[in-house]
Amino acid sequence: MKKKAFKEILKYVRVIVFFAVITILVEAVNYVMVQPGYARYIIHTVDNPDDGSDYDCIVVGASHGRASIDPHYFLEMEYAVNPINMCIQGATVIDNYYMIREACNNNDVKKIILELDYQYWNKNLKRDSDFGDLLVYGQLPFTSLKMEYIVSQLMDKDFRTIYFRRYAFAKNWKTAKKYMAIKKTDEYKNFQIEGVAGIETEGPYQGLGFFYRTKVTDKKGKLNPSPWTYDDLNPKVQKYFQKIVKYCKDNGIELICVTTPIPPSSVVSGAANEADTYFKQICDENNVRYIDGNLIKNEILNVSDDDFSDWEGHMNGELAEQFSEILTEILMKEDNSEYFYSGYDECIEAIKVRGNEN
């Protein structure tokens, strides 16, 4: 009987050993091939701030947050002492959760700005690659946090795909120098121009360069359709949003959710209105402050279709600078109702009156 029990235990031990060996091999290949990844550089930065100080305010989200929020304004306008933008193109709420945990493990974070992108809340979302919801997996250092990630996601189909095929996408990563900490000069205004990572201005600065273009890339492009109905919401994303809310409350961190403006034509077509209304609802339910960039009055933030690099709503640099400054003003005020339209009906009517949607 004991021999049979021992064999049964041995069977499970072999499975554990097998996965341990696979994990070590995957980690080794990933570490070698992903360097120097943009995401890895950001995560490394929050582990090791150049001047030894802690980041007190972090911005997390996807490409809309990367292309729209420059934390340099937080620093200039004294909203934060040492802010950093950790947004990564394609990052989902699940990615954001683990990036928040990583940042807070290594810094005394007081405020978190979470950029919400409606595209990643749709359970029917089709991605361009097999990264799925796990973009950050390969970038996290091999710590207990990463092991928690592996255990919690191991049976997920997307995770299994990326876990065993991570190396196939490593060569597609851009280098950190093209994205992170770009000098605020004319020479470096476009983040595609190579800059130097870790630049300091008057104090610690981890900002981003933006797209500086005069008009939307493709005037013939199609507007995004309405992203989802409530039936299309991804329960997994909802779960991780709640985990972020709980983590911030448990650790005394102020969480602020932000959606960045999209082209007025997209607003008129209803591309994000239902989603952003839902975001307000869940933020209210969780007592989380929510800022809807689409509802900022036009006399405060002058937005037109020509202020975007593409129809998905990635801002041109000049609008991004304006939005960053206005957003900081809003964040610093307890009562900021004078900045916003009362709702989407009023907002759409104002867009039609001014006629700057195409």
Side-chain angles (χ1 to χ4, degrees), residues 38 42 57-77 79-80 83-91 113-119 174 176 178-195 199 201 205-218 221 224 256-267 271-272 276 291-332 339-340 356-357:
Y38 164 53
I42 292 178
C57 176
I58 63 173
V59 183
V60 290
S63 56
H64 284 79
R66 177 179 60 77
S68 306
I69 302 174
D70 186 344
H72 182 65
Y73 289 90
F74 297 172
L75 182 64
E76 284 185 339
M77 300 168 71
Y79 176 69
I84 181 174
N85 188 320
M86 295 178 65
C87 295
I88 296 176
Q89 183 173 347
I113 314 297
L114 174 61
E115 180 264 326
L116 299 177
D117 189 334
Y118 65 83
Q119 298 176 81
K174 307 291 185 181
K178 292 188 178 182
Y179 291 91
M180 191 68 178
I182 306 302
K183 285 182 178 177
K184 289 177 67 62
T185 64
D186 290 340
E187 181 181 0
Y188 288 100
K189 274 189 172 180
N190 190 313
F191 77 83
Q192 293 176 308
I193 299 175
E194 187 170 348
I199 292 171
T201 55
Y205 169 50
Q206 295 289 345
L208 298 177
F210 296 131
F211 286 111
Y212 281 79
R213 296 172 177 162
T214 56
K215 292 186 178 181
V216 73
T217 303
D218 181 11
N224 286 333
I256 304 105
C257 292
V258 175
T259 49
T260 63
I262 59 175
S265 290
S266 296
V267 175
D276 291 354
I291 298 170
D292 187 346
N294 289 318
L295 296 182
I296 298 176
K297 292 179 179 177
N298 193 246
E299 58 266 30
I300 295 173
L301 183 68
N302 187 7
V303 182
S304 73
D305 283 350
D306 287 342
D307 290 318
F308 295 84
S309 300
D310 53 45
W311 285 117
E312 290 186 359
H314 297 99
M315 294 182 182
N316 285 333
E318 292 180 3
L319 177 62
E321 288 186 346
Q322 294 175 41
F323 176 71
S324 296
E325 184 173 5
I326 296 299
L327 175 63
T328 310
E329 287 184 17
I330 293 171
L331 289 169
M332 294 178 70
Y339 286 84
F340 299 97
N356 65 346
E357 88 284 2

Kindly indicate whether the side chain of [X], heavy atoms from C-beta on, has any atom under 4.5 Å from the side chain of [Y].
X	Y	answer
L319	L301	yes
V60	I88	no
I58	P83	no
I69	C87	no
N294	I262	yes
F308	S265	no
I84	V59	no

If you measure from [atom1] on [X] to [atom2] on [Y], what distance do you get to the nearest 0.5 Å?
X	Y	atom1	atom2	answer
C257	I291	SG	CD1	9.5 Å
D276	Y118	CG	OH	8.5 Å
R66	M315	CZ	CE	13.0 Å
L331	I326	CG	CD1	11.5 Å

Any donor-acceptor N/O pair, [X] side chain to [Y] backbone, under 3.5 Å:
X	Y	result
D117	S63	no
N316	D306	yes
S324	A320	yes

[X] versus [Y], closest heavy-atom pair with distance:
X	Y	answer
G313	P263	CA-CD, 3.6 Å
M77	E325	CE-O, 3.9 Å
V303	P264	O-CG, 3.7 Å
A91	A62	O-CB, 3.3 Å

Task: Partner residues of F74 under the ring pair (Phe, Tyr, Trp, His ring centres under 6.0 Å) criterion, sequence neighbours left out - done: Y79
Using the test side chain to side chain donor-acceptor pair (under 3.5 Å), find all partners of [X] that sit at least two apart in sequence or belong to another chain.
X	value
T259	Y290, D292
T328	none
E329	Y339

Open item on the list: Any donor-acceptor pair under 3.5 Å linking the side-chain atoms of N85 with those of D70?
Closed with: no
TODO: Report the C-alpha distance between L327 and Y73 in whole Å, list the side-chain angles of each, state the deciding distance to 0.1 Å, and finish with yes or no for side-chain contact (heavy atoms from CB on, under 4.5 Å).
DONE: CA-CA 9 Å; L327 175 63; Y73 289 90; over 6 Å; no
